[in-house]
Structure formats: C-alpha cells, structure tokens
Amino acid sequence: VRINPDLPPELEHIIRKCLEKDRALRYQHASEILADLQRLKRDTASSSLPSPTRAAARRRFAARWKLLASAAAVLALSAGGYSYFALHRPPRLAAKDTIVLADFRNTTGDLVFDGTLRQGLAVELEQSPFLSLISDERVQQTLRLMGRPPDAPLDAATAREVCERTGSAAVLEGSVAPRGSEYVLRLRASLCGTGNLLDEEQEQAPRKEDVLNALSKIAGRFRTRAGESPAQFRQHETPLAQATTPSLEALQAFSAGKKLLWSSGDDAARPLFQRAVKLDPDFAMAHAYMGRIYGDIGETGLAARSLTRAYQLRDRTTDAERFFIATNYYLQVTGNLEKARQMLELWAQTYPRAAEPPGLLSGTVYPSFGQYEKAAEQARKLMALDPSVPSSYLNLATADRFLNRLPEAEAAWRLASRRKAEIPLGLVREYDLAFLKGDQAAMQAILAHAQADPAVGPWVMDHAALALAYSGHLDQARELVRRIQAGLAQQTGRREEQVRFAAQAALWDAFFGNAAAARREASDALRSSTGRDVEYAAGLCSALAGDSAGAQSIASNLARRLPEDTSVQTSYLPVLRARLALNAGQPGQAIELLEAARPNELGVPLSWFTAGFGALYPVFMRGEAYLAAHQGAQAAAEFHKIIDRRDIVASDPIGALAHLELARALVLSGDKAKAKTAYQDFLSLWKDADPGIPVFKAAKAEFADLR
C-alpha cells in the first residue's frame, strides 16, 4: 500500500526506511537520510524528460521539496531519537536471571516493619513466572560461606556480595520512611555486576494500614519494567493484603518464622507460625507452613488439620502459593499422589524456575510410583535450577540407589559435599548405602555422628535398629528403639514419632513369629495414635499374628477414612486384605486382591515411618499367597523380585525373610539343591541371630530335614 500516490517512489522508499520497525533495516544516522535526499533531488533535476514536461516536474518537485525535506528531517530526528533511547534505555532482566532481595531499611521507628516488608515484597514478586528470587535457604548458605551467621542482616553491601557469589543479576533494596503522618516506600533495583540502575520506584501510604497496598503498587510497576510482559503480569496479580494477611503483626511473625525455619529448624520456627495464625486465623500460608512442620516431625493429625485449613483458604493466596498449598494438601491430607503429580507438573509448567515441583516429584511422587528414572531426571533438573539445594543431591542419590546404581549414588553425595550442599537427613540415606555395600565401619561411623544431632539422630538410629532386626538381632534392635523413644520423650511435640517407631518394631515380632508380643504391641500403638501408618502397621501385625477381627476393623477404617490415598488403596489395603484372605484359607482370593497393587508394586509408598517402609510388601504377600496355594515356581519368582531389588528394600527385615521364603518355595517346586542354597543364604545372614526367634528355629529345622 502506497503512503501517498503523489510521492515519487524513491521518496516513499526513504520515508519507509525511516519508519522501519527493525532497527537493523532503519537508517542508522541522519546523515544517511540527507545523502539519499540529495541524491534523489539531483537525479530528478537531471531527468531526460521533454523540456515542457521536465520544467513542470521541476516546478512541482521544487514546490514540495522544502515540505518533504522538513518531513524527512523530522523522520530523521525521530529515527535517531528512537535509536538513542533504544540504546540508552534502562536494562531489563532476562528470563534466566535471578534476584537477591536485601532487607528493607526501616527509619520509621516502628519495629513492625522489620522483616515484614521484605517478606511482603517476596510474596509479590514470587507470583511472577518471569522473575526468580534467590531463596532464603540459599542466601543463608551463602552467608555461611562468607563466614557470617545465617541470620546476619542483609544490608545493601552484603546483598550485593551474595548476588555476586550466587551469579545473580540484580539486587533489590527497599526502604520505608516517615513523611509527616504518611509513609514513603522506595524500591531500587540495580545490576550487581556494574551497579547500573535497573529501576527505581516510590509510593506514599497515607496510613500505616495502607503500607501493604503501596508495596503492591511499586512491586507491580517493577515487575513490568524489569521485563515481565503486561499480559503475564495481569494473569498473576494478587494484591498483597489478599495474598498474605492485612495484619502487619501476623506478617511479621510469619516472616520471622520462615527465617528461623531455614536457619534453626522446625522447633524454633513453630511458635512464630503459631503466633501468625493466632493474629490472623485466615492467614492461609501460615497454616500451610504449620502443616509442613507438623508433617516433618510426624504429627500427621495436626499436619492434616493445618493443611486442610490452608486448603480452605487457598483463594486468599497468590497463584504460586495455591500450588504450594494444594500440593501439600494432596500429599499429607488426602494422600492422592496422582492429583499431587498433576498439580506439580502444572506448577512446573506455570513457574518453570520454581524449585518445589522437581523437588517433590523426585523425592516423593515418582518414587511412590516406582518411576525412579523420572525421579533422577527431576533431581538433576532441580540441581541445574539451583546447585545449592541439598534435596537435589539427596533425591538423586536415592533414585540412583533404587536403580541399583550405587557408584552413581555415592558420586551424588561427593558432589553435595564439594558444593557445601549437605543435609542432615542425608545421613539416613548414607547409612542405607553403607548397609547395601556391607560396610560395617561406615555404618558405625555414621551412627556415631548422627546421635549427636537430635533432629536426625532418631532416624539414623532407627535404620540401625532395622539393620539389627534384618540380621536377627531382635533384642538389640528393640533396645535401640527404646533409646530412640526415650530421647524423643524429652522433646515436646514428638509423641507421634515415638508411637510410629514402636509400631514398626511390633512388625518385626509379627514377621518373625512372636504372635503374642505382636498383638500386644499393636494394641498399645492403636491406643496412642490413629495415624495412618500406625494403623497400617498395627493392622498388619494383627493379621500376621492371627487376629483377623482386629485387622479387619483397621482395614475397614482405613478404607473409609482415606478413599483417595494412593498408598492406602494400592499397597496398604491390598496387603491387609490378602493376609486376611490367607488367614481364611483363601490363597486364590489373596492373589486376586493383590492385583490392585501390581502397577506400583516396585514403588516406595508415601510413608511417615522411615524411607522405604512398606516397599515390596505386596510382592512379599503375593509370594506367601502362592506358597499357600502350593504354586512353588510362582512363589519363587515373587521372592526373587525382593532379593533382586534389595536396593529398594534395603534393611527392611522382609529382605532377609525373602531368602527363607524362597527356600520354602523351591522345596515346594521340587528343586532341593537350590532350596539348600537359599536356606544357607538365610542362615548366613542370621548366623548369630537370637536363638529364641520362632522363624529362626523353624528355618534351622527345615534345613536339617533337607540334609
């Protein structure tokens, strides 16, 4: 389409080149435009048209030349000006950049703003899929590497050093100051490498109650000026008072709680989250963090209560926080791992740089489905997103272990150590790895080191107790569990953990044939807890010990209470019901009932006992059912699965019992030579086991009969 049909095509070309959107195709300097205009004038003046026509053309061109030249000059100046501002406009962040958020400078004299506005700004910015803040956990880890306390103030100079050490792009500094009866909020963003200004914002709040709204305004303007598209901003824009709480005091308690959570742990942070909830009962994220803390210490009932309340209030949060709340609700309340998986994958799609989705997918969800390669892939993704996150190494090492890649698992631990990204819970996984390698010296060293840490000591001690039970040292294993319980009894709020360790120990008696002790211990556990995993352990104890009525009651209760729970529906209930069918002399029905467990049978159920509790129990019970049905070859195949996947079972005593049950299956199928080898394998594992254990006495008698 012509701009103006009366213009010569050559002049129209010049004008179009001035207006070209692509900077590379535009005139770069006004002198270039002038040169083309002079060339056009010269060419037109020397045209070879007949003289009357040429004279008329010259008159028309001369009449419009001044106007066209002026217009072209304006275009030249416009193009030049556009180029100048394009070259000199403030820089913008790239999609891969990260930001360090410094502490707000508070000169109001009102302590309620301390920490509060920084937390509020973090909430505002974290709802942006484009921006990415360095996590408080990584900030504290970097401060330690700088030789400073993890809770050291993050002033502008310190924030800039953290920015440089973490390879981040920019530092955000905020301040709040009084101006008469009003408050002035300022935000300054600068590139940490050069110090160049990225953005500067200011907003006034007429009253203290309006400060959070003012903070929302300057955060919103920064998001778009830093590079986020207006459309994306509008899609993920929740006002701060709605996203968190209108109470500055509640937000202050929440902010302090988060800081303590990463620096000092659950017990230190819990009172502050409790205060935040008390100040504002509708503070959704405060309830969510309470739920996470209760879940971490095994108080499953309290965790469910807090997370349910957070889920009910999830509309009062940002999009990012809704993902956090819904995922934890599915994991810890309903137990619906399929919904958790869908939520996490959508979360990762919406917020590609969020650490939580790959962390939970690799550490919890994919292992529950037995998808260990996917778990390893997500752990590596998390490591690439943030090499300082300890759980990425923990989850990668665990996935490699479940895939029987022990050298790769060890390499993950070494990499974590080099990057100073170790985590106390990693000692539990390291202990299991040492067990699988048969490295007794390493096991003892890890146990001695862990016992000095009350946070991780009970878990490592429990795995040591499992290893003792695995080799038939039941009395020593029980004594270690009693020591664990005594230590936990001295700590407030850890009653549920004591019961869970006792219920797990009761299972050893049930599997080893101490029926009376198993029934008694199961009953004691149920009187102290109604937690899901305690109920399952007690129910399985009862079923193995012949108390079918008690086990049936527990199975019915679990089915009624947890209809969506993936671990309950695809592992716990099939195992319980199959055992009850065996007690009733119906092995065929037991085999049929266990089909519900087959899709995920190589996975690790989501359990709040210890990692691996319940793993391959459906396989073990199916082997028992085939034995009862006198199908020796099929039974042997099931027990072989357990022996071949000891990387998953680790020190759970069914790993040792699988050798004994394999021997019995081989006898049934008529292969006595292989049966002798299997008996010898079991008796070698139990070479100095407690002599009074019923299953040990039976194994020795059966082996003697074969000879």
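Only a predicted model underlies this, so the values are computations on that prediction, with no experimental measurement involved.
With sequence neighbours left out, the ring pair (Phe, Tyr, Trp, His ring centres under 6.0 Å) criterion links Tyr294 to no other residue. Every side chain to side chain contact (heavy atoms under 4.5 Å, CB included) that Glu321 has, sequence neighbours left out, goes to Val123, Ala243, Met285, Thr317, Thr318. Residues satisfying the ring pair (Phe, Tyr, Trp, His ring centres under 6.0 Å) criterion with Tyr183, sequence neighbours excluded, are Phe113. In this view, Ala159 and Val100, Ala102, Leu154, Val171 satisfy the side chain to side chain contact (heavy atoms under 4.5 Å, CB included) rule, not counting sequence neighbours. The side chain to side chain contact (heavy atoms under 4.5 Å, CB included) search around Ser175 returns Arg105, Arg186, not counting sequence neighbours. Arg144 is linked by a salt bridge (Lys or Arg N to Asp or Glu O under 4.0 Å) to nothing, counting only residues two or more places apart in sequence or in another chain. With sequence neighbours excluded, the residues that form a ring pair (Phe, Tyr, Trp, His ring centres under 6.0 Å) with Phe323 are Trp347. The salt bridge (Lys or Arg N to Asp or Glu O under 4.0 Å) search around Glu173 returns Arg160, not counting sequence neighbours.
Contact annotation: the side chain of Pro129 approaches that of Glu228 to within less than 4.5 Å [non-hydrogen atoms, C-beta and beyond]. Here the side chains of Gln140 and Lys259 are in contact, with some heavy-atom distance below 4.5 Å. Using a 4.5 Å cut-off on side-chain heavy atoms (C-beta onward), Leu313 and His287 make contact. Counting only heavy atoms from C-beta outward, the side chains of Thr566 and Leu606 never approach each other to under 4.5 Å. Residues Leu215 and Leu121 meet the side-chain proximity criterion, which asks for heavy atoms closer than 4.5 Å. Contact annotation: the side chain of Arg118 approaches that of Asp103 to within less than 4.5 Å [non-hydrogen atoms, C-beta and beyond]. The shortest side-chain heavy-atom distance between Leu260 and Asp151 does not fall under the 4.5 Å cut-off. Using a 4.5 Å heavy-atom threshold, the side chains of Arg532 and Ser567 count as touching.
Identified under the ring-ring contact (aromatic ring centres under 6.0 Å, His included) test for residues 215-245, with sequence neighbours left out: His236-Tyr351. Sequence neighbours left out, not one pair with a member in residues 142-166 passes ring-ring contact (aromatic ring centres under 6.0 Å, His included). Annotation: ring-ring contact (aromatic ring centres under 6.0 Å, His included) contacts involving residues 120-169, sequence neighbours excluded, are absent.
With hydrogens and angles ignored, the 3.5 Å screen pairs a side-chain donor or acceptor of Ser255 with a backbone N or O of Gly115. Judged purely by atom type and a 3.5 angstrom limit, Ser306 has no side-chain atom pairing as donor or acceptor with the backbone of Ala303. The backbone N or O of Leu111 sits less than 3.5 Å from a side-chain atom of Gln252, completing a donor-acceptor pair. Under the 3.5 Å distance criterion, the side-chain polar atoms of Thr327 are left unmatched by any main-chain donor or acceptor of Phe324.
Within 6.0 Å of CZ on Arg275 lie no more than 12 heavy atoms contributed by other residues, nucleotides or ligands. Residue Arg188 qualifies as enclosed at atom CZ: its count of foreign heavy atoms under 6.0 Å is above 12.
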Which pairs would a plain distance check flag for residues 416-427, meaning a side-chain donor or acceptor within less than 3.5 Å of a matching protein atom at least two apart in sequence or in another chain?
residue: Arg419; atom: NH1; partner: Tyr393; partner atom: OH; Å: 2.9

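One finds a salt bridge joining Asp282 and Arg309 here, because a Lys/Arg side-chain nitrogen approaches an Asp/Glu carboxylate oxygen to under 4.0 Å. Looking at Arg223 and Glu237, no side-chain N of the basic residue comes within less than 4.0 Å of a carboxylate O on the acidic one, giving no salt bridge. Salt bridge absent: Lys381 and Glu377 never bring a charged side-chain N and a carboxylate O closer than 4.0 Å.
Of all non-hydrogen atoms in Gly291 and Gln332, the two that sit nearest each other are O-OE1, 3.8 Å. Across Gly167 and Thr98, no two heavy atoms sit closer than the pair O-OG1, 4.3 Å. Heavy atoms only, all atoms of each residue included: Leu143 and Ala152 are closest at CD1-O, 4.1 Å. A pairwise comparison of heavy atoms in Ser168 and Cys192 identifies O-SG, 3.2 Å as the closest pair. Closest approach of Ala310 to Ala284, counting heavy atoms only: CB-O, 3.5 Å. Nearest heavy-atom pair, Pro358 versus Leu385, reported as atom, atom and distance to 0.1 Å: CG-CD1, 4.1 Å.
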For this session: Evaluate side chain to side chain contact (heavy atoms under 4.5 Å, CB included) for Phe254 paired with Thr245, printing each intermediate quantity in order.
Result: CA-CA 10 Å; Phe254 179 78; Thr245 171; over 6 Å; no
Exercise. Does the side-chain hydrogen bond (donor to acceptor under 3.5 Å, both in side chains) test come out yes or no for Ser216 and Glu124, once each step is laid out?
Worked result: CA-CA 7 Å; Ser216 286; Glu124 279 282 356; 2.4 Å; yes
Exercise. Run the side chain to side chain contact (heavy atoms under 4.5 Å, CB included) check on Arg341 and Tyr366 step by step: do they pass?
Worked result: CA-CA 8 Å; Arg341 180 191 64 78; Tyr366 286 148; 4.2 Å; yes
Exercise. Are Val176 and Thr107 close enough, and set up right, to give a side chain to side chain contact (heavy atoms under 4.5 Å, CB included), and what steps lead you there?
Worked result: CA-CA 6 Å; Val176 57; Thr107 58; over 6 Å; no
Exercise. Under the side chain to side chain contact (heavy atoms under 4.5 Å, CB included) criterion, do Val534 and Thr300 qualify, and how do the steps go?
Worked result: CA-CA 10 Å; Val534 170; Thr300 54; over 6 Å; no
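In this structure, NZ in Lys278 is found 14.0 Å from CG in Asp280, a value given to the nearest 0.5 Å. Within the model, atoms CD1 of Ile325 and CZ of Arg314 stand 9.0 Å from one another, a figure rounded to the nearest 0.5 Å. In this structure, Leu198 CG and Ile99 CD1 are separated by 7.5 Å, a value rounded to the nearest 0.5 Å. To the nearest 0.5 Å, atoms NZ (Lys217) and CG (Leu212) are separated by 12.5 Å. Here the CG-CD1 distance, from Asp386 to Ile134, works out to 6.0 Å after rounding to the nearest 0.5 Å. Between atom OG of residue Ser392 and atom CD of residue Gln378 there is a gap of 12.0 Å, rounded to the nearest 0.5 Å.
Between Thr194 and Asn196, the side chains place a donor N or O and an acceptor N or O closer than 3.5 Å (distance only, hydrogens not considered). A donor and an acceptor atom, one from each side chain of Asn395 and Thr398, are nowhere located under 3.5 Å apart. Thr158 and Arg148 form a side-chain donor-acceptor contact under 3.5 Å, judged by distance and modelled atom types alone. Using modelled atom types and a 3.5 Å distance limit, the side chains of Gln342 and Glu338 yield a donor-acceptor pair.
Both tests do not hold together for Arg292 against Tyr289: distance to the six-membered ring centre under 6.0 Å, angle to the ring axis within 45°.
The ring of Phe273 has its center no closer than 6.0 angstrom to the ring center of Phe283.
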